Amino acid sequence: MDLLSTLNPQQSEAVQATDGPLLILAGAGSGKTRVITVRIAYLIAEKGIAPHNILAVTFTNKAAGEMRERVESLLRGQKLPSAPLISTFHSLCVRILRADIEKLEEGYKRSFTIYDTDDSTKVIKACIKDLGLDDKQTQPRNVRNAISAAKNRGEDHEMFASKIEYGDEKKATIAKIFRMYDERLLTANALDFDDLLIKAVRLLRTSPDTREKYNDRFKYILVDEYQDTNALQFALISYLTEKQQNICVVGDDAQSIYGFRQADIRNILEFESHYPTAKVVLLEQNYRSTQTILDAADAIIANNVNQKKKKLWTANAGGERISYYQAYDGDTEARFVASKIEEHQRRSLSDRIAVLYRTNAQSRQFEEALRRMRIEYNIVGGFSFYERAEVKDVIAYLKLAMNPFDDIALLRVVNTPARGIGKTSIDALQAAAKANGASLWMTIRGITDKEFPLDVAMTPRAKQAFGGFKDVIEILIRKAANETGDASVSDIVIAAIEDTGYANSLRAENTDEAAARLENLEELVNAAVDYDKQSENGLRDFIDHAALTSDTDRYDSSAGVTLMTAHMAKGLEFPIVFLVGLEDGVFPHSRSLSEEKDLEEERRLAYVAITRAEKMLYVTHAMHRRTYGVEFASEPSQFLNELPLELIDDLSPGASWLSYARSASTLQAKAAASALRGEADPPKARNVYTGKTYDSADAVNEFFKNKGRAEPPASAGGVQRSYPAAPRETPLDRLRAAGSQGRPTQKVAMPPNSLVPGTYVRHDKYGRGLILRREGSGDNVKLTVSFPGVGQKKLIEKFANLEKD
DNA sequence: AAGTAAATTTTTTTT
DNA sequence: AAATTTACTT
């Protein structure tokens, strides 16, 4: 029974509760992955469950891969008749649909193509154009998001349309596009990411046979990161566990950070009511971080009202204090981080370091600073390999070989490399296709038919060019079809690169950039060769893999320095973490400032970021930040103010926000004390960078109530409380005390619903614009707004009559 | 039809 | 500031 020997009692209980529904509430760093992997190994080795009867579902390929490896190493030396299926939600759905989508009788064939976000947006753009709409008024990206959100709620275009209230033109337009979009995807035999889930769920719902088949196959199901599941994923799991209820879900409501993707936290909160016989295990011991880091994370999350109470503890020592740095601007911030990294690396190279930021756009300055100091780093996100233009081009050729009706893929490569097929010819082709209700591929075949050419207004030269393209694709189709014979996946990939003239046109360019592209294509061939070696699966699977592989999956766990967003860091851990750009509008993001629930999600994201740290945490922010090429004065993040200030070391040169915040709290205390004594003119508290001026006794008292952890006025005098901290008020206490006045560290300078920089607004005369700067206060607020086509305008907020757009 | 210059947009977070 | 899209040449 040595599988269990490394586990604590709760973990062990979670592993051994194999039958029936089980909810594991696993705090950050509580050994969640260890429990899942040991559980799988335990099922196989101790319970004699056939591996292929086990299904584990994760969100990313990276998580799935890691789990696979760890299970394998736990079972090392054992001969297994099969392997457990450890898969992402999306790959699982693809697997289900490739087998049985034809049973849906919707017209989809099992050779369907997967459209990524980019492809979907292109289809939507075309729909908007064909409906005669203005794509400035109806932005493809927004429509796509609306459709995706609807799909993830489980609505199809009919349900979406039926829910529109009378007079809601915007939604009515989206509904029209929605419908057209779905029709076009069907014509192209294509499914978008959301459809993969929708169709799989629909298939399980409508086909009892299929449902039965998978219920019999998957007798034990595990779901990781359950707090991030949405309605569709919940439905999928429900159908799969219909017969037996050996369902084990693992999650942490404090780490739910995908609400914007319709993740529904209720799935985890209401697990017990959905499965009344459910057993619940709490994993509360943290093995990852120092007490100091846990205290910091705890202090942040304590400001959220909506959460399950959970108390993480650790046997680890207090550890080093948190380091804080205030930079003049983003460049200085990046230089500080780079030089600190260098310092750490000089001492020890074994401590992996992460730089975590809110948005990918922040990465550049850190990359530059690290490069200047010749520090090697790894960056996750941004441009992933499979998103490179040349890779997507070649994949498009491969997709066409499998499914020539894929219009998007066809449009992508019809003139890449240049074949003399220009915009005019493509317009004519699309018009002809539309007139005949046919796909572009069929239209090309029609145009170039020798005996009965389709009559299309087109120059002979254009027709000939299309003929050339048709030949190229037909050769590829034959090669792909022959795959079962002797051609391997890599052979076909090479054909798509060479036989199409793609490589030659790059060679002819003879530039460094073209050479880099050729190298990327070589890497693609290598990926295909590897694929051939370790898998029996064909081209179809290879393309599916490319479509479902994301940035996150290219994380190298052995890299010394890793740059990534806080989102991507979920599930990872690093001895040293730099959490950067802690400014209002950056983190929390400006788009999340207006809604309380969005702000709470930002706070959970900050919690996730902080709890990645094992030994050391740095927090940094800049006083000036450049956005869209314009420099703004930025304010420290409200999350900084929520940290336990007594645990922080200030590394900033000169007077920083932190030193103000600290001395301010003693000043405030004095002011409050004198106010309470009834003194006529209490010393005025100065601006503490929270944007709020505490110039009345009431305001000062409110400050302390809100701050929650500040010293009571009587104990004022600058005595630093010794660590550990006294018990804090809970958010609920605070809410009661504040008389439901809202959030603790609320700011007056930037009230949540106001027009802050980064917000889009609508002006009667100038139309839509972006707020660049906000100055002044009260009635004198001046806004600098950039209106496309008009330029920058300075407006008085009071008179401008701006509406949020 | 292809290349260049000018205008416009971009920043959440992701399978 | 950088990347992408559009408009204008040749």
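Small disclaimer: the values here were computed from a predicted structure and weren't measured. Quick note on labels: first sequence line is chain A, next is B, and so on, each numbered from 1.
Residues D427(A) and Q430(A) have side chains in contact (heavy-atom distance under 4.5 Å, counting atoms from C-beta outward). Using a 4.5 Å cut-off on side-chain heavy atoms (C-beta onward), R358(A) and L605(A) make contact.
Here the side chain of R261(A) is nearest to one of dA2(B), dT14(B), dT11(B), namely dT14(B). Listed nucleotides: dT14(B), dT11(B), dA1(C). Nearest to the side chain of Y258(A): dT14(B). Residue H567(A) has its side chain nearest to dT13(B) when only dT13(B), dT12(B), dA1(B) are considered. Checked against dT13(B), dA1(B), dT12(B), the side chain of T424(A) finds its nearest nucleotide in dA1(B). When each of dT14(B), dT15(B), dT12(B) is scored by its nearest atom to the side-chain atoms of N360(A), the top-ranked nucleotide is dT14(B). The side chain of S592(A) has dT12(B) as its nearest neighbour among dA2(B), dA1(B), dT12(B).
Proximity of R364(A) to the phosphate of dA3(C): a side-chain N or O atom is located under 4.0 Å from OP1 or OP2. Residue S425(A) has a polar side-chain atom (N or O) positioned under 4.0 Å from OP1 or OP2 of dA1(B).
Judged by the 6.0 Å distance and 45° axis criteria, R261(A) is positioned over the aromatic ring of Y258(A).
Inspection of the Y607(A) and Q255(A) side chains reveals no N or O donor paired with an N or O acceptor under 3.5 Å. For the residue pair N504(A)/R507(A), the side-chain donor-acceptor check at 3.5 Å is satisfied.
For the pair M564(A) CE and dT11(B) P, the interatomic distance rounds to 21 Å; values are reported in whole Å. Remark: C1' of dT13(B) and CE of M568(A) are 8 Å apart, rounded to the nearest angstrom. In this structure, the CG atom of L582(A) is 19 Å from the P atom of dT12(B), given to the nearest Å. Going from atom CD of E600(A) over to atom P of dT13(B) covers 22 Å, rounded to whole Å. The interatomic distance linking D192(A) (CG) with dT14(B) (C1') rounds to 14 Å, in whole Å. Rounded to a whole Å, the CZ atom of R603(A) is 21 Å from the P atom of dT12(B). Summarising the geometry, the separation between CD on E602(A) and P on dT12(B) is reported as 11 Å, rounded to the nearest angstrom. Whole-Å rounding puts the K125(A) NZ to dT9(B) P distance at 12 Å.
A donor-acceptor contact under 3.5 Å is formed by the side chain of R358(A) with the base of dT13(B).
With centres under 5.5 Å and a plane angle under 30°, the ring of F260(A) is stacked against the base of dT13(B). Both thresholds, 5.5 Å between centres and 30° between ring planes, are met by H589(A) relative to the base of dT12(B), so the two rings are stacked.
Spacing between dT6(C) and dT11(B) at atom P, rounded to whole Å, works out to 15 Å.
Applying the ring pair (Phe, Tyr, Trp, His ring centres under 6.0 Å) criterion to Y226(A), with sequence neighbours excluded, gives F271(A).
Between R419(A) and T565(A), it is R419(A) whose nearest contact on DNA chain B lies nearer the 5' terminus.
If you check every strand for non-hydrogen atoms under 4.0 Å, N230(A) touches nothing. Heavy atoms of F193(A) sit under 4.0 angstrom from at least one base atom.
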